[in-house]
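What follows is one structure encoded as structure tokens, with my remarks underneath.
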Amino acid sequence: MRVAVLGATGAVGRTMRALLEERDFPLDEFVPLASARSEGMRLEFRGDPVTVRAAGEQWFEGIDLALVSAGGAVARRLLPGAARAGTICIDNSPAFRMDPGVPLVIPEINPEALDGHHNLIANGNCTAITALMPLGPLHRAFGLTFLVTSSYQSVSGAGWKGVTELAEQIEKLRGQEESLAHPDVDALPAGEVMGRTIAYNVVPRVERFDPEGSGFTTEELKLGNEIRKILGTPDLPVTATAVRVPVAVGHGVSVYARFSRAVTPAEARDVLDAAPGVTVMDDPSSDVFPTPIDAAGRDDVLVGRIRQTMDDDHALAFFAAGDNLRKGAALNAVQIAELVVNR
Ligand SMILES: NC(=O)c1ccc[n+]([C@@H]2O[C@H](COP(=O)([O-])OP(=O)(O)OC[C@H]3O[C@@H](n4cnc5c(N)ncnc54)[C@H](OP(=O)(O)O)[C@@H]3O)[C@@H](O)[C@H]2O)c1
């Protein structure tokens, strides 16, 4: 079995390589692919050196399975032909997620969506996965009818260049912390990735505003669409707000969820305790709750702050934190690959 990672030099691709090693994925050859910029770069896989190749139009020849994290434009150009030629492609980009012929899969939530796939499988958005790991089992138990989310998204969600941009801005502002009480906003560092100062700030715009003028961003619209597709609830109302925060790795999501039947926090905790891939960290009396930094480097999505809303016994509020590069991207893709191979 020859397995490629297309986008092997990126934030998600590097994590995919690490996970294939960690999880002892059954493969005979590992093929790292990226853009022409990285051709010849030396990486290591299972202790052996491997050389990055540029992904040309025929990149898929001899490749059985590809884990892809090279952005939407590359996916649209390079994946349909590869899938037709028989290479199973698991794509992390938004390019095919809402295509009705392409399964959008979280293995713990909707593995049945893989039935009859046509070699092209989509991995969900990192925030959608973080929210759905607890919401999926809660929906099965209590019937989700209404959802509001606010996400606190780390800068690595925009690729490793996002982390570099945050680190550079913090460095530039070193020693000037007091001036941030009365900043000259135009003089503050603002990079190309975030478009605004992200150090010591939060930016309530992830991706771009909806060109159709809804006032939502494309990230916020994706979240609702993907949640509806994965849960199979086409009419579920979802209102999302997505905010970039100066965190390196790990997304947080604050959730308000209303259900078709009454549910207590204790019942929700029981359901979440039994849910694969979820760890409940919820003990206010001991100051236990999840944060993105607790989730970074871990496979499970962490859930805490589970509480009843004041006036409604059908609604709960909670906070989830997950590693956007692992469960939000690379781990979910590797888990899909494991399911496909085991079938
Ligand atoms: N970061 C996250 O948390 C996250 C979560 C879920 C999904 N995703 C999705 O995963 C994808 C990659 O994200 P990332 O964060 O890993 O981005 P990244 O760090 O910017 O990495 C992008 C990767 O794509 C490669 N690439 C770019 N243009 C290419 C081309 N023309 N041909 C072949 N390879 C090309 C890059 O290679 P070079 O190094 O040679 O440029 C690099 O390996 C995106 O679609 C993103 O939406 C990301």
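First listed ligand is number 1; within each ligand, the first listed atom is number 1.
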Picking from Thr197, Ile198, Val245, Val247, what satisfies side-chain contact (heavy atoms from CB on, under 4.5 Å) with Leu166?
-> Ile198
Give the contacting part of Ala54 toward ligand 1: side chain, backbone, both or neither, where contact means a heavy-atom distance below 4.0 Å.
-> neither
If you have a sec, work out which protein heavy atom is nearest atom 28 (N) of ligand 1 and how many Å separate them, to one decimal?
-> Arg37 NH2, 3.6 Å
Do me a favour and list the nearest non-hydrogen protein atom to atom 1 (N) of ligand 1 with residue, atom name and distance?
-> Ser156 O, 2.9 Å
Note: heavy atom closest to atom 46 (C) of ligand 1, options Asn92, Asp323, Leu33, belongs to Asn92
Protein heavy atom at shortest distance from atom 22 (C) of ligand 1 | Ser69 O, 4.0 Å
Which of these, Thr9, Val163, Leu78, Val155, has its nearest heavy atom closest to atom 43 (O) of ligand 1?
-> Thr9
Has ligand 1 got any nitrogen or oxygen that is less than 3.5 angstrom from a nitrogen or oxygen of Asn324?
-> yes
Within one Ile-Leu-Val-Met-Phe-Trp-Tyr cluster: Phe142 and Leu272, side-chain cutoff 4.5 Å | yes
Any salt bridge between Arg258 and Asp312, counting N to O under 4.0 Å?
-> yes
Atoms of ligand 1, numbered as shown, that sit under 4.0 Å from any heavy atom of Ala34 = 33 (C), 34 (N), 37 (O), 40 (O)
For ligand 1, which atoms have a heavy atom of Ala329 less than 4.0 angstrom away?
-> 5 (C), 6 (C)
Atom 32 (N) of ligand 1 has as its nearest protein heavy atom Ser35 CA, 3.8 Å
Donor on one side chain, acceptor on other, Asp210 and Thr217, under 3.5 Å = no
Does the cation-pi check pass for Arg14 over Trp160, that is, NZ or CZ under 6.0 Å from the six-membered ring centre and within 45° of its axis?
-> yes
Hey, mind stepping through Ser156 and Asn324 against side chain to side chain donor-acceptor pair (under 3.5 Å) and telling me if it holds?
-> CA-CA 8 Å; Ser156 61; Asn324 51 295; 3.0 Å; yes
If you count the atoms of ligand 1 from 1 in the order shown, which ones are under 4.0 Å from a heavy atom of Trp160?
-> 19 (O)
Where is the nearest protein heavy atom to atom 20 (O) of ligand 1: which residue, which atom, and how far?
-> Lys161 NZ, 3.3 Å
Which atoms from ligand 1 have a heavy atom of Leu325 less than 4.0 Å away?
-> 1 (N), 2 (C), 3 (O)
Atoms of ligand 1 close to Ser38 [distance to a heavy atom under 4.0 angstrom, numbered from 1] = 38 (P), 39 (O), 40 (O)
Does some side-chain heavy atom of Leu33 sit less than 4.5 Å from a side-chain heavy atom of Val5?
-> no
Hey, are the side chains of Val255 and Leu147 touching, using non-hydrogen atoms and a 4.5 Å cut-off?
-> yes
Going by distance only, is there an N or O of Gly328 that falls short of 3.5 Å from an N or O of ligand 1?
-> no
Candidates Pro32, Ala70, Gly159, Ala55; heavy atom nearest atom 26 (N) of ligand 1 found on Ala70
Do any N/O atoms on Gly10 end up under 3.5 angstrom from N/O atoms on ligand 1?
-> yes
Are Gln308 and Thr264 close enough that a side-chain donor and a side-chain acceptor fall under 3.5 Å?
-> no
May I ask you to identify the nearest protein heavy atom to atom 48 (C) of ligand 1, giving residue, atom name and distance to one decimal place in Å?
-> Val12 CG2, 3.5 Å
Ignoring angles and geometry beyond distance, decide whether Gly7 reaches within less than 3.5 Å of ligand 1 through its nitrogen or oxygen atoms.
-> yes
Please determine, by modelled atom types, if His251 and Thr130 share a side-chain donor-acceptor pair under 3.5 angstrom.
-> no
For ligand 1, does Val74 get within less than 4.0 Å through its side chain, its backbone, both, or neither, judged by non-hydrogen atoms?
-> side chain
Intermediate values then yes/no, salt bridge (Lys or Arg N to Asp or Glu O under 4.0 Å), Glu220 and Arg205 | CA-CA 9 Å; Glu220 291 160 353; Arg205 190 260 298 118; over 6 Å; no
Do Leu302 and Ile293 belong together in a cluster built from hydrophobic side chains that touch within less than 4.5 Å?
-> no
Regarding Glu212 and Ser214, is there a side-chain donor-to-acceptor distance under 3.5 Å anywhere?
-> no
Counting heavy atoms only, name the option from Gly71, Ala11, Gly56 that's nearest to atom 44 (C) of ligand 1.
-> Gly71
